Amino acid sequence: TGSTRAERLLKAVQKNARRGDPQSVISAIDHYCRHSEWAMNVGDEKGSILDSVLSEVSPSCALELGTYCGYSTVRIARLLPPGATFVTVEFNPKYAKVARQVIEFAGLQDKVKLIEGASGDLIPKMKELFGNVTFDFVFLDHWKDRYVLDTKLLEDCGLLRKGSVLLADNVICPGTPEYLAYVRNNPRYKSTYYKSHLEYTKVEDGLEKSVFMG
Ligand code: SAM
Ligand code: MG
């Protein structure tokens, strides 16, 4: 067939999840990607680390870089306190189209602002777009060569406050050595590694949590 992996993932959600039930959407995607077709979602194992960091931060303003099909978006949105602002950024319109449908199927469309475009263009516009915000929590999961550049851009645009938490995926696989060097050797961050595995595999990967000290 001419369908894409993202479209097949959406079909698996529509067939196997319950409308309005975020947990069933998460489970349907994990089941599909573990048993039928691998996809670059943060996945269930690292997802539970994401959940616990997020619950501890309880952000009223959160940012995700790299939406893909909306798997981590659903994971994050379902745990946010009422009234939170949550912005997710995706530059591939085909993925954004699937993600909108996944988010809507989960019933979380009112909690998510999905904006289409490149992170490097959109980060400098966040204050125009969403008011004079700072992000309490940022999930970095877009292309790995953007992690350092976009972190510096977030700093320069005044989008981080003392205590903001950055959580970066795939710091081991595919790996983000420049980013790890940046946050670990920088007195403005307090950084911790959470060892885990690449989504749906036994290959080592992990998340790096970095608290901005201001
Ligand atoms: N966070 C998602 C999840 O766990 O379900 C997975 C995101 S996937 C690993 C990375 C996504 O980032 C891709 O959909 C890609 O198109 C998008 N992307 C990569 N670089 C980007 C950039 N500079 N700006 C916006 N989106 C970007
Ligand atoms: Mg990832």
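On a predicted model such as this, the values are computed, not experimentally measured, just so you know. Start at 1 and go down the list; that is how both ligands and their atoms are numbered.
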Counterpart residues, side chain to side chain donor-acceptor pair (under 3.5 Å), relative to Arg188 (two or more places apart): none
Hey, what's the ring geometry for Tyr147 with Tyr179, parallel, tilted or perpendicular (30° and 60° as the breaks)? perpendicular
Considering the options Val42, Ile49, Thr176, which one meets the side-chain contact (heavy atoms from CB on, under 4.5 Å) requirement together with Asp169? Val42
For the side chain of Arg75 and the backbone of Leu50, is there at least one donor-acceptor N/O pair under 3.5 Å apart? no
For Gly158, is there any backbone N or O sitting under 3.5 Å from a side-chain donor or acceptor partner on Lys127? yes
So Asp205 and Lys202, salt bridge (charged side-chain N to carboxylate O under 4.0 Å, His left out) or not? Walk me through it. CA-CA 9 Å; Asp205 187 25; Lys202 294 183 168 133; over 6 Å; no
List ligand 1's nitrogen or oxygen atoms that come under 3.5 Å of a protein nitrogen or oxygen, with the partner atom and distance.
residue	atom	partner	partner atom	Å
ligand 1	1 (N)	Gly66	O	2.8
ligand 1	1 (N)	Ser72	OG	2.7
ligand 1	1 (N)	Asp141	OD2	2.8
ligand 1	4 (O)	Val42	N	2.7
ligand 1	4 (O)	Ser72	OG	3.1
ligand 1	4 (O)	Asp141	OD2	3.2
ligand 1	5 (O)	Ser72	N	3.1
ligand 1	5 (O)	Ser72	OG	3.3
ligand 1	14 (O)	Glu90	OE1	2.7
ligand 1	14 (O)	Glu90	OE2	3.3
ligand 1	16 (O)	Glu90	OE2	2.6
ligand 1	20 (N)	Trp143	N	3.4
ligand 1	23 (N)	Ser119	OG	3.0
ligand 1	24 (N)	Ser119	N	2.9
ligand 1	26 (N)	Phe91	N	3.2

Are there over 12 heavy-atom neighbours, none belonging to Glu178, within less than 6.0 Å of that residue's CD? no
Which protein N, O or S atoms lie under 2.8 Å from the Mg ion (ligand 2), given by chain and residue number? Asp141 OD1, Asp169 OD2, Asn170 OD1
Applying salt bridge (Lys or Arg N to Asp or Glu O under 4.0 Å) to Glu128 and not counting sequence neighbours gives none
Which class fits the ring pair Phe137 and Phe139: parallel under 30°, tilted 30 to 60°, perpendicular over 60°? parallel
